[in-house]
There are 4 protein chains.
Amino acid sequence: MSSYEQIKIKAYEGNMQLPSLGLVLFTFGNVSVADHDRKVFAIKPSGVAYSDLSPGKMVIVDFNGEVVDGDLRPSSDTKTHAVLYKHCRSIGAIVHTHSTYATAWAQALRDIPLYGTTHADHVAHDIPCAPPMDDQMIEGDYEYETGFQILNCLKERGFTYEDTEMMIVGSHAPFTWGTTVEKAVYNAAVLEEIARIAYLTEQLNPSADKLKDKLITKHFDRKHGKNAYYGQ
Amino acid sequence: MSSYEQIKIKAYEGNMQLPSLGLVLFTFGNVSVADHDRKVFAIKPSGVAYSDLSPGKMVIVDFNGEVVDGDLRPSSDTKTHAVLYKHCRSIGAIVHTHSTYATAWAQALRDIPLYGTTHADHVAHDIPCAPPMDDQMIEGDYEYETGFQILNCLKERGFTYEDTEMMIVGSHAPFTWGTTVEKAVYNAAVLEEIARIAYLTEQLNPSADKLKDKLITKHFDRKHGKNAYYGQ
Amino acid sequence: MSSYEQIKIKAYEGNMQLPSLGLVLFTFGNVSVADHDRKVFAIKPSGVAYSDLSPGKMVIVDFNGEVVDGDLRPSSDTKTHAVLYKHCRSIGAIVHTHSTYATAWAQALRDIPLYGTTHADHVAHDIPCAPPMDDQMIEGDYEYETGFQILNCLKERGFTYEDTEMMIVGSHAPFTWGTTVEKAVYNAAVLEEIARIAYLTEQLNPSADKLKDKLITKHFDRKHGKNAYYGQ
Amino acid sequence: MSSYEQIKIKAYEGNMQLPSLGLVLFTFGNVSVADHDRKVFAIKPSGVAYSDLSPGKMVIVDFNGEVVDGDLRPSSDTKTHAVLYKHCRSIGAIVHTHSTYATAWAQALRDIPLYGTTHADHVAHDIPCAPPMDDQMIEGDYEYETGFQILNCLKERGFTYEDTEMMIVGSHAPFTWGTTVEKAVYNAAVLEEIARIAYLTEQLNPSADKLKDKLITKHFDRKHGKNAYYGQ
């Protein structure tokens with residue numbers, strides 16, 4: 001049995017959650033799970049239907065994007081995952097989907113404004129939309145550059161990947177991550193719902209104000225702060 | 001077996017209806033059921049997935065918000081429930097969700113206008129949006145103050161909690177209640193549907209008129225008036 | 001066994017389709033089926049959950065709205081059904097729902113414009129929105145007058161109930177009918193879908209033109225004309 | 001057993017996917033599968049519910065639209081399919097639906113703008129909306145002319161049916177095709193999702209820019225270009 005069994009199983013389980021959560025149509029998404037000690041991750045094979053997946057079909061790739069184990073070609077977005085793992089030690093899993101509302105914000109080239117406590121429970125600022133990359137980078141190593149597009153956007157905004165586990169890539173679609181695959185998948189579903197409610201908020205009130213600062217702090221901190229009292 | 005068995009079972013059953021009705025994503029909601037004689041209520045534990053709930057996991061809390069029975073930490077919104085029970089003798093159950101459309105109205109900081117008979121069948125006026133509280137209250141006992149935010153908003157509008165069993169809290173999300181848990185959960189689903197139809201009404205006709213007074217009275221009274229003839 | 005068994009079974013089956021088709025929340029709707037020879041119809045009891053229905057719980061009512069058989073109180077909308085059956089010999093079944101998009105058009109007090117062939121396959125003109133009745137009628141025999149509101153609207157527009165089997169009642173919600181219960185329920189679902197696509201059409205193109213006359217005639221006639229060639 | 005068994009089974013399976021994918025209400029759609037060697041195709045019978053279909057009920061029609069095998073009347077759109085097969089040797093299957101969002105764009109008489117990579121993964125330009133045909137053609141052989149409406153629109157835009165496997169017919173609804181029935185059905189579902197995300201994009205940003213050229217080329221080519229690296 002493959003020595004990468006554990007991350008293959010976890011990547012498989014994470015991938016299988018995407019259709020149940022209504023986040024993907026056909027093969028429009030992928031989940032990976034990393035083993036930072038061995039500097040590899042397990043990722044969905046490219047273009048394989050979710051109903052045909054199994055743990056054994058996951059592909060093992062190193063942090064430079066090279067396949068090290070597996071019979072199938074890995075997701076076309078593999079290098080984006082590789083870049084994020086290489087530069088972010090505590091990212092344990094990454095999720096990429098084309099979920100409807102989050103993708104619409106990406107296509108509109110807009111950050112998702114922080115309009116309410118549902119958003120502030122998860123991220124303490126607007127969800128950033130990384131700008132589409134310039135032509136030279138697109139013609140270069142596109143998926144590799146997409147990873148840097150994400151990292152650079154975080155840096156420019158002054159955010160860390162620990163506090164901001166979700167982002168949309170302009171003209172493209174969302175990426176989320178987390179220390180565990182459960183958290184990364186959770187973030188993908190939460191992002192879609194935040195994107196949907198923000199959309200409806202603007203339709204109801206085109207000049208809606210963003211959430212006041214004290215409520216942002218209160219809600220983010222009660223879940224994520226030093227004295228958090230949400231959960232068990 | 002716990003002496004609070006009955007309200008634990010009812011609270012459990014009420015909580016389990018929320019995902020079936022499409023009103024919650026993950027753990028974004030909670031239901032509680034009160035025993036006014038003993039001045040306690042059973043409420044969902046904080047951050048526990050609905051699929052992991054059982055009657056025995058419900059937490060018993062008194063009307064000052066202190067846990068009196070149960071191994072888990074209660075919902076982070078517990079004090080809001082406590083305040084409502086303490087001040088409203090005939091509220092038997094409370095439901096809090098972040099249901100999509102009702103939450104969008106809350107984020108838009110708008111009352112839900114009474115546009116049709118579906119709304120008037122349940123509430124005889126716009127569904128109030130309580131204003132976000134001031135900074136001092138947020139920094140104080142936030143969830144406790146949320147209870148008063150609801151009670152004060154009802155009072156300022158001249159409504160009673162018996163006639164108005166649903167409200168949205170500005171920037172946050174909806175709260176509904178009722179004499180029984182069945183009614184409180186019913187109200188949460190009805191509010192979401194009223195919020196959705198009102199949203200669509202405005203998109204179709206931005207200058208839509210509110211429902212005429214005679215129709216409000218007719219529809220509210222045929223279900224809730226002295227001579228009601230709806231139901232068995 | 002009740003001598004009205006056949007229409008009770010058909011009314012029961014028709015009612016049970018409404019939740020499966022996503023046309024009702026809780027008890028927001030009702031289906032009736034008529035026996036024109038005996039001048040009676042079977043209708044859903046008022047306020048009873050669909051999951052608690054059975055053929056035996058259907059209520060038999062005559063065309064003046066008087067109960068002639070059954071232990072339960074009939075739907076609060078019963079008199080509207082009675083008026084339509086009394087005046088329209090070939091209406092075999094009636095469906096009333098508060099389906100989301102059709103109700104939004106009703107609340108917007110707007111006819112549903114004939115924008116495409118999906119609509120023209122079923123109705124050869126805009127779907128009429130009957131105006132809300134005047135205050136005197138509301139205070140009078142409200143549900144009875146709703147029946148006349150529908151009949152008068154058809155008459156004023158120059159439509160017949162045979163060619164126009166669906167309508168929305170302003171501020172309220174849709175009514176559909178047909179020679180059979182299958183057709184009346186089919187019409188309720190089709191109306192909701194037509195209402196939804198028309199809504200989206202206007203959002204995409206606020207000055208969208210209505211369907212050209214030749215296409216209206218072509219599509220309506222290929223399904224309903226003398227030389228219809230749709231179906232078996 | 002019918003000598004057309006294979007295409008009947010494939011057409012049956014393709015038709016049955018439409019309701020599972022949420023692309024049809026009742027009988028609003030049809031799938032056909034061609035055998036180019038014998039110059040025939042199998043198509044859904046007209047107006048038969050999907051739940052009543054079986055492979056044996058598929059109708060075999062030649063490329064002039066004449067029935068050559070089967071007991072039922074074929075889909076009313078049969079001649080449209082016949083024209084496309086006759087003129088497009090490598091179209092193996094055709095799907096017609098009235099899916100909600102794609103139909104709304106058709107009713108709005110608008111091409112679906114290429115706003116993001118989800119779209120560019122499938123089609124490298126706006127999805128064309130063929131103009132409604134002129135009155136003479138409608139009164140002539142309508143469904144036959146619809147086939148030419150599609151072919152002429154492709155030609156006028158300078159597209160080939162191999163590169164553009166989806167289109168909307170103005171005032172009507174979408175048609176998609178592919179070399180296999182799996183691909184044609186896949187395209188019908190993808191078109192609906194592209195139509196939905198494009199709709200939301202415009203609501204979020206009415207002056208949204210189209211996708212930049214380099215990203216169009218990159219995404220289309222990585223799936224469909226000479227050096228494609230998507231899939232297995």
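Computed over heavy atoms, backbone and side chain alike; hydrogens, waters and symmetry mates excluded. Chain naming here is simple, since letters A, B, ... match the order of the sequence lines and numbering starts at 1 in each.
Between chain D and the residues A/Glu202, A/Gln107, A/His172, the most heavy-atom pairs under 4.5 angstrom are made by A/Gln107. The choice from D/Asn205, D/Leu21, D/Thr217 that makes the most heavy-atom pairs within less than 4.5 Å of chain A is D/Asn205. Listed options A/Gly47, A/Ser46, A/Pro45 were ranked by heavy-atom pairs under 4.5 angstrom with chain D; first place goes to A/Ser46. Looking only at heavy-atom pairs under 4.5 Å with chain D, the residue among A/Thr27, A/Val169, A/Leu109 that has the most is A/Thr27.
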field: From CA spacing to verdict: side chain to side chain contact (heavy atoms under 4.5 Å, CB included), A/Tyr101, D/Arg196
entry: CA-CA 9 Å; A/Tyr101 286 86; D/Arg196 188 177 174 211; 3.8 Å; yes
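Remark: A/Asp71 CG is loosely packed, at most 12 non-hydrogen atoms of other residues, nucleotides or ligands lying under 6.0 Å away. Around atom NZ of D/Lys218, more than 12 heavy atoms belonging to other residues, nucleotides or ligands sit under 6.0 Å away. In D/Lys214, the NZ atom is not crowded: 12 or fewer heavy atoms of neighbouring residues, nucleotides or ligands sit closer than 6.0 Å.
Of all non-hydrogen atoms in A/Ala104 and D/Leu200, the two that sit nearest each other are CB-CB, 3.5 Å. Between A/Ser171 and D/Leu215 the shortest heavy-atom distance is CB-CD1, 4.1 Å.
Residue D/Leu204 touches chain A through both its backbone and its side chain, counting heavy-atom pairs closer than 4.5 Å. For chain A, the nearby part of D/Lys212 is the side chain; its heavy atoms alone come within less than 4.5 Å. Only the side chain of D/Asp121 has a heavy atom closer than 4.5 Å to any heavy atom of chain A. Of the two parts of A/Arg73, the backbone and the side chain both hold a non-hydrogen atom closer than 4.5 Å to a non-hydrogen atom of chain D. For D/Tyr199, the part lying under 4.5 angstrom from a heavy atom of chain A is the side chain only.
Between A/Glu143 and D/Arg222 there is a salt bridge, since at least one side-chain N of the basic residue sits less than 4.0 Å from a carboxylate O of the acidic one.
To the nearest 0.5 Å, the span separating CD1 on D/Ile197 from OG1 on A/Thr103 amounts to 5.0 Å. Atom NE2 of residue D/His219 and atom OH of residue A/Tyr142 lie 2.5 Å apart, to the nearest 0.5 angstrom.
Ring centers of A/Phe28 and D/His122: under 6.0 Å apart, within the cut-off.
Within residues 223-232 of chain D, the residues that have a heavy atom under 4.5 Å from a heavy atom of chain A are D/Ala228, D/Tyr229, D/Tyr230, D/Gly231, D/Gln232, listed by number. Along residues 128-137 of chain A, the residues that come nearer than 4.5 angstrom to chain D, judged on non-hydrogen atoms, are A/Pro132, A/Met133, A/Asp134, A/Asp135 in order of number.
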